[in-house]
Amino acid sequence: SSAEAILANLSEGIALFDNDSGIQLINPAFLKMLDLSIDRKVHLLDLMDPLDELYQILARAIQGKPTYNKDVQHCTASGESRWLRVNSMPLKDDQGSPLETLLTIREVSDLKSTEREIWQIEKMSALGRLAASVAHEVGNPLGAIDIQLQLLQEDIAAVAGTLATEVSRRLTIARA
């Protein structure tokens, strides 16, 4: 059917579970993101690590507790790490009783990488502003000191003798 074709071609992973975590519907993108190959008789919770955040989101969703735009880092069975943006919601019947649970996942690894790069750029920019501020704060007193050394040099130039020559040499070094 056209609905199945749409589900099969979505880049977002979609899965529908009954209240016992049995798979009612699952699209290829969902299986690919989680690196799973399963048939519909399987219960997804049985395939997942109970310590995995995705497992906990699904378990809460089956209990009727939704999750909205939660970013989780998921490690596949092959050891690949992916950032997934997860949404889950219980689907209820006319009386408000939970029937099934819808879980959607979207890979956001590239987005997370870009966010990290932007954070690093902002950090370096802040460090640059701090360095400029420190240089400015240090520069003002150093300028005043340099002016005073220059005046001392001019005063000592009016005095003759080896001591005056040595002091003038030291003032030149201090101003460098």
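Small disclaimer: the values here were computed from a predicted structure and weren't measured. Starting from 1, each residue takes its place in the sequence as its number.
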### Query
Would Arg129 and Ser125 count as a side-chain hydrogen bond (donor to acceptor under 3.5 Å, both in side chains) if you check the C-alpha gap in whole Å, the side-chain angles of each, and the deciding distance to 0.1 Å?
CA-CA 6 Å; Arg129 287 192 305 273; Ser125 175; 2.8 Å; yes
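- Using a distance-only test at 3.5 Å, with no hydrogens or angles considered, no donor-acceptor pair links the side chain of Arg106 to the main chain of Leu84.
- Taking OG1 from Thr101 and CD1 from Ile57, the interatomic distance works out to 13.0 Å, rounded to the nearest 0.5 Å.
- At distances below 3.5 Å, not a single donor-acceptor pair connects side-chain atoms of Ser88 with backbone N or O atoms of Ala61.
- Side-chain contact check for Phe30 versus Leu103: some heavy-atom pair is nearer than 4.5 Å.
- Atom CE of Met89 and atom CG of Leu102 lie 5.5 Å apart (nearest 0.5 Å).
- To the nearest 0.5 Å, atom CG of residue Asp71 and atom CD of residue Glu53 are 9.5 Å apart.
- Inter-residue side-chain proximity for Leu16 and Leu91 is flagged as met; some heavy-atom pair is nearer than 4.5 Å.
- Here the options are Val86, Val108, Ile105, the test is side-chain contact (heavy atoms from CB on, under 4.5 Å), and the partner is Val72; only Val86 passes.
- One distance of note links CG of Leu149 with CD1 of Ile173; it measures 12.0 Å at 0.5 Å rounding.
- Residue Leu163 holds its CG atom at 11.0 Å from OG of Ser168, rounded to the nearest 0.5 Å.
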### Task
Start with the C-alpha distance between Glu122 and Ile118, add both sets of side-chain angles, then the distance that settles side chain to side chain contact (heavy atoms under 4.5 Å, CB included), and finish with yes or no.
CA-CA 6 Å; Glu122 287 174 352; Ile118 289 170; 3.7 Å; yes
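- By the rule that hydrophobic residues join a cluster once side-chain heavy atoms approach within less than 4.5 Å of another member, Ile145 and Val167 end up as members of one cluster.
- Within the 4.5 Å cutoff, the side chain of Ile156 has no heavy atoms near those of the Leu152 side chain.
- Contact of the Ile26 side chain with the Ile14 side chain is not registered, since no non-hydrogen atoms from C-beta on lie closer than 4.5 Å.
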### Query
What's the verdict on side chain to side chain contact (heavy atoms under 4.5 Å, CB included) for Gln73 and Ser81, showing C-alpha distance, side-chain angles and the deciding distance?
CA-CA 7 Å; Gln73 195 164 15; Ser81 181; 3.1 Å; yes
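- A salt bridge does not link Arg85 with Glu107: every distance from a Lys NZ or Arg NE/NH1/NH2 to an Asp or Glu carboxylate oxygen is 4.0 Å or more.
- Between the side chain of Asn27 and the backbone N or O of Ile6, no donor-acceptor pair lies under 3.5 Å.
- The distance from the OG atom of Ser11 to the CE atom of Met33 is 6.5 Å, given to the nearest 0.5 Å.
- Residues Arg169 and Thr165 bring no donor and acceptor atom of their side chains to less than 3.5 Å of each other.
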